[in-house]
Amino acid sequence: MQLSELEIVRREKLAQLRAMGINPYPADLFPVNHTSKQIKQDFEEGKKVIIAGRLMSRRIQGKASFAELQDSTGRIQVYFNRDEICDGEDKTLYNEVYKKLLDIGDFIGIEGELFTTQVGEKTVMVKNFKLLSKALKPLPQPRVDADGKVHDAFTDPEQRYRQRYADLVVNPQVKEVFMKRTKLFNAMRTFFNEREYFEVETPILQPIAGGAAARPFITHHNSLDIPLYMRIANELYLKRLIVGGFDGVYEFSKNFRNEGMDRTHNPEFTAMEIYVSYKDYNWMMDFCEQLLEFCAMEVNGTTEATFGEHTINFKAPYARVTMADSIKHFTGFDITGKSEDELRAACIEMGITVDKTMGKGKLIDEIFGEKCEGNYIQPTFITDYPKEMSPLCKEHRDNPELTERFELMVCGKEIANAYSELNDPIDQRERFEAQLKLAEKGDDEATAFIDYDFLRALEYGMPPTSGMGIGMDRLIMYLTNNPSIQEVLFFPQMRPEKKTVAMSEDEKAVVKMLKTSNPMELNALKEASGLSNKKWDKTIKGLTKNKIAKVEKTEEGLFVSVI
RNA sequence: GACCAGUUAGCUCAGUUGGUAGAGCACCUCCCUUUUAAGGAGGUGGUCCUGGGUUCGAGCCCCAGACUGGUCACCA
C-alpha cells in the first residue's frame with residue numbers, strides 16, 4: 001500500500017506510543033459520564049466530568065493548549081496544561097504524548113473539571129487523559145472563521161459519498177440530514193402506531209416482482225434452482241395481509257429497480273406503503289395531509305419547508321384537482337370522453353412526441369407530465385387517473401374510464417400515490433391481462449407477469465381498502481432541502497473505485513531486463529525497453545520513486561541498477 | 001444516451017506564449033501558560049486522471065479514453 005507522508009508519520013507515532021507502553025487501541029471500557037451537549041446545557045463551574053471523543057483541533061501555546069473534542073452531540077473545548085496533567089518532574093505525558101504523538105482525529109478520553117476561560121468559552125480543564133484509538137489517516141479539516149465562512153470545506157460529492165464516515169465526522173450539517181431522516185421514520189411510525197396500524201415485513205426476494213412497473217434485479221436461488229427477483233414494490237404482499245384480516249398494515253420497504261442512476265434515482269430506495277381496510281381514497285387524502293403535516297412538524301418543528309427557491313407548506317388541507325381539470329386548466333383541452341385518436345391528435349398539436357404503443361392512459365399521462373405536473377409547487381392532490389395506467393386501482397364510482405387514484409405532487413414531483421384498492425378479483429384478472437397485452441404491444445412500462453397467487457388471495461375476498469405509497473427518500477429531500485437523493489442516503493450506490501496498480505507492466509519489464517544485466521547503461525536500457533520517450537520517463541520515474549531502481553552518474557556515464 | 005464543466009500536495013485551489021510544479025491550511029522542527037478560522041520562525045510533501053501524439057521540451061497544444069458533477073432526455 002502506498003502511504004502518504006502524513007500516514008507514515010502517524011504510523012511512526014503509533015510505534016513510539018507502543019514503545020512507551022501506551023496501548024493505542026485499549027480494550028477496556030472508558031467510563032464516559034457526560035456528553036459535550038450535556039456539559040454546555042448544565043454547565044457548572046468546577047464540576048468533574050468524564051468525556052470521550054475525537055480530537056478535532058488544537059492550539060498549542062507552549063505549556064498550555066486548547067483543543068476541541070468532538071463527540072456524538074457536538075464539540076466542547078478542552079484545556080491541556082502541562083502542570084495540571086503532569087504534577088511531578090516528568091513532563092512526558094504533555095510534552096511527548098499530547099504534543100507530539102496525538103493527532104487530529106484520535107479518540108481520547110478525558111477526566112477534567114469545568115471552567116470558563118477569560119474570553120468566556122465553556123471549557124474542560126484536563127486533569128487526566130487516555131488515548132482510546134489512534135487515527136492513522138488524516139481527516140479533511142474544514143474550519144469556520146469568525147464570519148461563519150467555511151475554509152477548506154470537504155465538499156467533493158464523490159469523495160463525500162465514497163467516504164461517508166469522513167463526511168459525517170467533519171460536516172455536521174450532513175449528520176443533521178440523517179438525524180432528520182430517522183426522525184421522519186420515527187414520526188411516521190408514531191402516527192401509524194397511535195392509530196393501531198401494524199408494522200409488518202414482507203419478502204424482498206420474490207418469485208414475481210409485482211406491484212409496480214419497473215425493471216427488477218434478478219438473482220438465482222441455488223437449492224430451489226429458480227430465478228428470484230428483488231422486490232420493486234410491496235403492494236401485492238401487503239394486500240394479501242389485508243385479505244388475511246389485518247385492519248391496517250404498513251411497511252418501510254427497501255425496493256430495488258434496475259434502472260438508471262441520477263440525482264433522484266438510486267438502485268435501492270425506500271418506500272413506505274400503508275393499507276387500511278374499509279377506507280377509500282378520499283379518506284386517504286385526509287389521512288395523507290394529516291400525516292405529512294405531523295411529519296414536517298416532528299422533523300423541522302414547522303410545517304414550512306424550504307426547497308431551493310420554493311417555500312412549501314405541509315399544513316393540511318391540500319388542494320385537490322382532478323387530472324382532467326388540471327389538463328383543462330393548463331392546456332385548455334378537455335380530455336373527457338375523447339377517443340384514443342383524438343387524444344393522440346391533441347398530443348401532436350401540443351408538441352408532445354407520441355408513438356403507436358401509447359394507449360389512451362399513456363397519452364393522457366404524457367399530457368399531464370408535460371404540461372401540468374411541474375406547476376404544482378405546494379402540496380396538491382391530483383385525482384382520478386385513467387384506468388389504463390392504474391391496473392391495481394378500483395374503477396371510479398362515477399366514471400368507468402377513470403380510477404379512484406390520487407398522487408400528491410410537491411415541487412412538481414410525485415411524493416405519494418394512493419388508490420381505492422381494486423378488490424374485484426375478476427376485474428383484477430382482466431386488468432392484468434390488459435397489461436399483458438400492452439406489454440406485448442411494446443409498452444415497456446406495462447407489467448408482463450400475472451401474479452396468480454395474488455388473484456387467488458383476492459378471490460378469498462379483500463375488504464374495501466385504501467392504500468398509499470410514499471417515497472421516503474424524496475420526502476426527506478424536501479424536508480432537508482437537498483436536491484439530490486445521494487445526499488439523503490448514507491451510502492448511495494457508486495461505481496467501483498479504480499484499483500491502483502502497484503507496478504505497471506512497463507515497470508515490470510524494465511526490472512526484468514535489469515535483473516539479467518545489473519547495472520545497465522541508461523540509454524541502452526531505454527533502447528532495449530522499446531518505450532516511447534514519455535513512457536520511458538514515466539516508467540523510470542516510477543521505479544526510482546518507489547526505490548525499486550536507482551540512477552547513478554559515474555565517470556563512464558549514467559547507469560541504472562536494481563536496489 | 002446527448003451536451004456542458006471539472007480532475008494539480010492530506011484538504012481547498014492557483015498555474016503566464018509551451019521553458020526548473022505553486023499558495024493557504026494540514027504535517028514536521030523550534031519558540032510561546034486562558035486561546036479560538038490561522039500567534040511567530042523555518043522546513044517536508046506531487047502518478048499534474050489514464051494512454052497515445054506533436055515538440056528540443058507538455059500540467060498547458062492535439063487525439064482517444066476513464067471518472068465525477070451539472071443540465072436535458074429516459075425512467076417512477
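Chain naming here is simple, since letters A, B, ... match the order of the sequence lines and numbering starts at 1 in each. Just so you know, these numbers come straight off a predicted model, no measurement behind them.
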- Task: Give a yes or no on whether a donor-acceptor pair under 3.5 Å exists between the nucleobase atoms of B:rG69, that is its base, and the side chain of A:D156.
- Result: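 There is none.
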- Item | base_contact_polar (B:rU33 base, A:Q61 side chain, donor-acceptor, <3.5 Å) |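 No.
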Taking only the side-chain nitrogens and oxygens of [X], find out if one of them lies under 4.0 Å from OP1 or OP2 of [N].
{"X": "A:K63", "N": "B:rU34", "answer": "no"}
{"X": "A:R59", "N": "B:rA38", "answer": "yes"}
{"X": "A:R82", "N": "B:rU33", "answer": "no"}

- Message: Can you tell me how far apart CZ (A:R75) and CG (A:L55) are? Round to the nearest 0.5 Å.
- Response: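 Between A:R75 CZ and A:L55 CG, I get 10.0 Å after rounding to 0.5 Å.
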- Message: Within a 6.0 Å radius of atom CD on A:E309, are there more than 12 heavy atoms belonging to other residues, nucleotides or ligands?
- Response: no
- Crowding at NZ, A:K127 (>12 non-hydrogen neighbours, <6.0 Å): yes
- Query: Taking the same atom, P, in B:rU16 and in B:rG65, what whole-Å distance lies between them?
  - Reply: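 Roughly 27 Å separates the two P atoms.
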- For B:rG10 and B:rC27, measure between their C1' atoms and round to the nearest Å. 9 Å
- Item | Closest listed nucleotide, where the reference is the side chain of A:T117 and the choices are B:rA38, B:rU34, B:rU29 |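 Of the options given, the side chain of A:T117 lies nearest B:rU34.
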- Task: Could you tell me whether A:Q118 contacts a base, only the sugar-phosphate backbone, or nothing, with contacts defined as non-hydrogen atoms closer than 4.0 Å?
- Result: base
